[in-house]
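Here the structure is laid out as structure tokens; the discussion comes afterwards.
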Amino acid sequence: MSNYTTTTNKLKITELDFDSIKTALKSYLVGQDEFKDYDFEGSAMSILLDVLAYNTHYNGFYTNMLASEMFMDSATLRSSIVSLAKHLGYTPASKKGAIVYLDLVFDNASSMLTIPKGAKFTTKIGSDVHTFLTTQAHTTTLDTSDGKHKALNVEVKEGISFTATHIVSAQENQVFQIPNEDVDTSTLSVAAGGETYTLADDITEVDSTSKVFFLQEGNQNRYEVYFGDGIIGKKPSVSDVVQISYNASMLGSDGNGARTFAPAENISGATLTSPISLSTGWTRSSGGAERESTSSIKIQAPRQHSLQKRLVTHNDYRTRLENDYNLVDSVRVWGGEENNPPDYGSVYVSIKPKTGYVISRGEQDRIAQDILKRRNVATVRPVFVDPDYTFVIVDTVLAYDPRKTTRTADQLKVLVKNTISNYNTSNLGRFDEYFRYSLLSKKIDDTELGIMNNNTTVAMKKRLRPIYGVESDYIIRFHNPIHRPHEGHMNVIQSSGFRYRGIDNCYIIDRDSELMVVTSATEEDRGSDINTVQIYGEGTYRVINSLVGYVDYDEGSLMMDFNPTASNNGSEYIYFSAKPRINDILGKENSIITIDSSDVTVTCIDDTDRINENKTRSY
């Protein structure tokens, strides 16, 4: 028999696919003297080699999968990722129903009323009617000013209530499964043997008599409740009845944005004043979220482990908010000492929600009390600041060759608008993300083969929410230098229209770093002594107030003192646009760069017409 270690008959063990394994086996056998000149293709030996190769391939595949599922970074199965996260003390977030606070006023109540936990209210989202439930019981109080019974700040949460019943057995480490995958674990209410148990939050505070339960995600994507062992947490007695009450969210994140509510049933026979008002600080329902994804678990579990239930550093606050408040899309946290002027003893938090632009004042209060207050340093005060949005206005002109595409100009416009929208979704809309002009321009060119090139211009847009009818000081920061070609150049900044001093359609423009309020000049204005200004390429404007503020072009900031009484379109905002000095737009501090679809304009030009025109001119 030939030597096993020779190069001709050495068995290759690094190959894992079927064909390579079979080839390696044949090469090995060919190198043996017993199988010299043996036909491995046309004999029964070929079938045996197939079986050996398949068996080796299966073992290699399963071994590789087993090794991959043992580590958080490479695991792909949710059950494996959840199990690994459990070792870090992390429980994945469940689906969550949206919440909102209501002020309930009863017209014909003669005495105090009790609004029970689980009282139903309905709202319409789209064409569908959905249910919100009160999360706890409330008692009305009599308002002596109008003689009506009221219950203010009543929390209602989207979902449908369920109850699961189990019996404690003598089985060791018994778990009690919640049968509904859509359970909102924040609504869990657990009782065993007639005693109420609460969710264990801090293991260091649990002893043998603590009536606590523990929560984990188990098999089949269902959550499980289990109790202590008599050492860490009280152990229920055998035959005790376990009742698990909970809400199941039907909507998740789709429940956000509800604004109108109505009672689904009578409350103690009294009549509610209609429409029901939202509590102070609330403008819509929010906080609804989908079940935590595997990619999120991979990120949050190690962060949560390093957090150790404390709130000290910036990352601690960011991780806690991203984990406990599923509506968060992006968070920026900084110390008050970084402000100008410094605000010592404060931590500033800016949250960009997954839906909408800002979170309501009511949500801010709830986050401060329920999420931050229990863990932050006692002497540190959280201060919420709304994100400062800078909108990018995109105006692109496409040169396309109709001979290279089957699409019409209108179809190309739709494709390019989708490209710009996808760029915004992937590259903008969160803190610390910047607008890159060349990247967007290239994506536009790559949208379709028929697009020869594009000529895209961009501008920055900020929104100001003034106090209408009140003379006030305002500061707008673009956080980017503003384009100013030369001294004496005017109108690189312009606002949307508003009413000012009884005159409609007024605007703010700039001239040599000074801001003025103007309106369109009439023929009579041009021939009179009324102060007017000439805007290059745009006609003449009548000056209403020659100085309402100043511009710092290098810093990209506007400082104004004026008193508008209304916007042209009834909006709560007045918008200001400015051309950036360079086309790349950067975000600073708590600013977020984003593109709104209403600020995108796409124009198509037939490139062959331009080429033919140039050819004609050249003769």
* Quick one: do the Y344 and E337 side chains pair a donor with an acceptor below 3.5 Å? -> no

* V383 and R381: CA distance, side-chain angles, deciding distance, side-chain contact (heavy atoms from CB on, under 4.5 Å) verdict -> CA-CA 6 Å; V383 178; R381 177 177 58 95; 3.3 Å; yes

* Asked: In a check of side-chain contact (heavy atoms from CB on, under 4.5 Å) between R78 and each of S83, S293, P92, which one passes?
  -> P92

* Verdict with supporting geometry, I81 and K298, side-chain contact (heavy atoms from CB on, under 4.5 Å) -> CA-CA 7 Å; I81 296 170; K298 287 184 176 183; 3.6 Å; yes

* Structure fact -> Per salt bridge (Lys or Arg N to Asp or Glu O under 4.0 Å), D386 is matched among R463, R361, R332, R465 by R361

* Where does the angle between the aromatic ring planes of F214 and Y226 fall among parallel (under 30°), tilted (30 to 60°) and perpendicular (over 60°)? -> parallel

* Asked: What's the spacing between S577 OG and M460 CE if we round to 0.5 Å?
  -> 9.5 Å

* **CG (N219) with more than 12 external heavy atoms under 6.0 Å** => no

* **N/O donor-acceptor pair under 3.5 Å between T187 side chain and Y246 backbone** => no

* S210 versus D207, side-chain donor and acceptor atoms under 3.5 Å -> yes

* Asked: Thinking salt bridges, do K96 and E158 make one under a 4.0 Å N-O criterion?
  -> no

* Asked: Has the side chain of S237 got a donor or acceptor atom that lies under 3.5 Å from a matching backbone atom of D240?
  -> no

* **T390-K462 side chain donor-acceptor pair, cut-off 3.5 Å** => yes

* Centroid-centroid distance, Y474 to F562, less than 6.0 Å -> yes

* Asked: Looking only at atom types and distance, does a side-chain atom of S169 sit under 3.5 Å from a main-chain N or O of Q171, one as donor and one as acceptor?
  -> yes

* To do: Please tell me if the side chains of F162 and I244 come closer than 4.5 Å, counting only heavy atoms from C-beta onward.
  => no

* Could you tell me the separation between the CD atom of Q243 and the OG1 atom of T163, rounded to the nearest 0.5 Å? => 6.5 Å

* Parallel, tilted or perpendicular, as decided by the 30° and 60° cut-offs, for the rings of Y197 and F227 -> perpendicular

* To do: Report yes if some heavy atom in the side chain of T165 is under 4.5 Å from a heavy atom in the side chain of V241; otherwise report no.
  => yes

* Asked: More than 12 foreign heavy atoms under 6.0 Å from NZ of K588: is that the case here?
  -> no

* **Donor-acceptor pair between N568 and D504 side chains, under 3.5 angstrom** => no

* To do: May I ask you to check whether Y357 and F391 place their ring centers less than 6.0 Å from one another?
  => yes

* Report the C-alpha distance between V212 and L199 in whole Å, list the side-chain angles of each, state the deciding distance to 0.1 Å, and finish with yes or no for side-chain contact (heavy atoms from CB on, under 4.5 Å). => CA-CA 5 Å; V212 297; L199 179 63; over 6 Å; no

* Donor + acceptor pair across side chains of D103, S279 (<3.5 Å) -> yes

* Asked: Are more than 12 heavy atoms from other residues, nucleotides or ligands located less than 6.0 Å from atom CZ of R477?
  -> no

* Please indicate whether K235 has more than 12 foreign heavy atoms, meaning atoms of other residues, nucleotides or ligands, lying under 6.0 Å from its NZ. => no

* Asked: Just wondering, do I125 and L251 contact through their side chains at under 4.5 Å, heavy atoms?
  -> yes

* Answer yes if the side chains of D343 and S346 hold a donor-acceptor pair under 3.5 Å, and no otherwise. => yes

* Donor-acceptor pair, H166 side chain versus Q177 backbone, under 3.5 Å? -> yes

* Between Y575 and Y573, what is the ring plane arrangement, given parallel below 30°, perpendicular above 60°, and tilted in between? -> tilted

* Backbone of I593 reached by a side-chain donor or acceptor of E433 within 3.5 Å -> no

* Asked: Do Y90 and E217 have a side chain donor and acceptor closer than 3.5 Å?
  -> no

* Asked: Do you know which of N247, I99, T123, T122 makes side-chain contact (heavy atoms from CB on, under 4.5 Å) with F132?
  -> T123

* **Minimum side-chain heavy-atom gap I351-F431 below 4.5 Å** => no

* Asked: From H149 NE2 over to D146 CG, what is the distance, rounded to the nearest 0.5 angstrom?
  -> 10.5 Å

* Looking at M559 and I475, what are the two nearest heavy atoms and their distance? -> CG-CG1, 4.0 Å

* **Exam field: side chain E265 to backbone K120, donor-acceptor pair closer than 3.5 Å** => yes

* Between E338 and E589, is any pair of side-chain heavy atoms under 4.5 Å apart? -> no

* Check against salt bridge (Lys or Arg N to Asp or Glu O under 4.0 Å), D184 and K95 -> CA-CA 5 Å; D184 181 347; K95 198 172 184 179; over 6 Å; no

* **Any side-chain heavy-atom pair of T135 and V156 under 4.5 Å** => no

* Relative to the ring of Y348, is the ring of W334 parallel (under 30°), tilted (30 to 60°) or perpendicular (over 60°)? -> parallel

* Does any N or O in the side chain of S495 come within less than 3.5 Å of the main-chain N or O of I508, such that one atom is a donor and the other an acceptor? -> yes

* Asked: Do the side-chain N and O atoms of S245 and S189 include a donor-acceptor pair separated by under 3.5 angstrom?
  -> no

* To do: Please step through salt bridge (Lys or Arg N to Asp or Glu O under 4.0 Å) for the pair D143 and K148, ending with a clear verdict.
  => CA-CA 5 Å; D143 187 343; K148 294 182 179 181; over 6 Å; no

* Close side-chain approach of T139 to I115, heavy-atom, < 4.5 Å -> no

* Looking only at side chains, do T91 and Q216 share a donor and an acceptor under 3.5 Å apart? -> no

* Asked: Does a donor on one side chain sit under 3.5 Å from an acceptor on the other, for H479 and D388?
  -> yes

* How long is the span from the OG atom in S360 to the CH2 atom in W282, to the nearest 0.5 Å? -> 4.5 Å

* Residue pair N424 / T594, side-chain donor-acceptor N/O under 3.5 Å -> yes

* Asked: Does any N or O in the side chain of E181 come within less than 3.5 Å of the main-chain N or O of Y223, such that one atom is a donor and the other an acceptor?
  -> no

* With no hydrogens and no angle check, do the side chains of Q300 and S296 hold a donor and an acceptor under 3.5 Å apart? -> no

* Asked: Any donor and acceptor pair, going by atom type alone, linking the side chain of D329 with main-chain N or O of K352 inside 3.5 Å?
  -> no

* What distance separates R259 CZ from R284 CZ, expressed to the nearest 0.5 Å? -> 6.5 Å

* Determine whether more than 12 heavy atoms belonging to other residues, nucleotides or ligands lie under 6.0 Å from atom NZ of K461. => yes

* Verdict with supporting geometry, F478 and L558, side-chain contact (heavy atoms from CB on, under 4.5 Å) -> CA-CA 8 Å; F478 286 95; L558 283 61; 3.5 Å; yes

* Structure fact -> CD1 of I297 to OG of S295, rounded to nearest 0.5 Å, is 8.5 Å

* V331 side chain near S350 side chain, heavy-atom distance below 4.5 Å -> no

* So, S253 side chain and E290 main chain: donor-acceptor pair closer than 3.5 Å or not? -> no

